[in-house]
Amino acid sequence: MFKQLRKANQNDYLLITATLILLVVFSLSLLSYVQGQQKAAERDQALALATGFSRTLKGEIKNALTLSTTLKELVLASDGKVDNFSTVAKDLLVENTAASNLQLAPKGKVTEIYPLKRK
């Protein structure tokens with residue numbers, strides 16, 4: 001009878017040991033999977049941030065070029081002198097947020113600045 005109990009106990013220990021090993025393997029696998037998902041989510045988030053920054057930067061460059069082109073055309077059309085520069089510059093800055101001020105500099109010499117002081 002004791003031999004049967006001892007044999008049953010050995011079988012129980014083997015079963016418990018096998019169960020614990022499987023539980024550890026499953027836990028490690030689950031942990032590895034979760035960490036992989038987190039890394040993938042972090043990569044996706046970093047990519048989304050980089051893409052958003054790139055689009056914002058592209059828009060700002062486009063706005064700055066629009067301002068430059070508009071001022072260039074004004075200067076060329078008026079032979080270097082723009083009447084009501086403050087009004088024109090104010091309207092341009094409202095529409096284009098890429099710049100905080102505008103300067104008129106025909107032939108490299110600044111002749112007009114809007115606004116004269118920072119708001």
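Partners of S68 according to the side-chain contact (heavy atoms from CB on, under 4.5 Å) rule, which considers only residues two or more places apart in sequence or in another chain, do not exist here.
The two residues N101 and Q103 make their nearest non-hydrogen contact at OD1-NE2, 3.8 Å. When all heavy atoms of S100 and P115 are compared, the closest pair comes out as O-CD, 3.6 Å.
When side chains are defined from C-beta on, L93 counts as touching Y114, because their heavy atoms get closer than 4.5 Å. Proximity of L102 to I113: side-chain heavy atoms (C-beta onward) are nowhere separated by under 4.5 Å. E112 is not listed as a side-chain neighbour of V110, based on a closest heavy-atom distance of 4.5 Å or more.
As a member of the Ile/Leu/Val/Met/Phe/Trp/Tyr network built from side-chain separations under 4.5 Å, F53 groups with L57, I61, L65.
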Side-chain donor-acceptor pairs of residues 17-29 under 3.5 Å, sequence neighbours excluded:
| residue | atom | partner | partner atom | Å |
| --- | --- | --- | --- | --- |
| T17 | OG1 | Y13 | O | 2.7 |
| T19 | OG1 | L15 | O | 2.7 |
| S27 | OG | L23 | O | 2.9 |
| S29 | OG | V25 | O | 2.9 |

Tabulate below the donor-acceptor pairs under 3.5 Å that side-chain atoms of residues 32-50 make, not counting sequence neighbours, or state none.
none

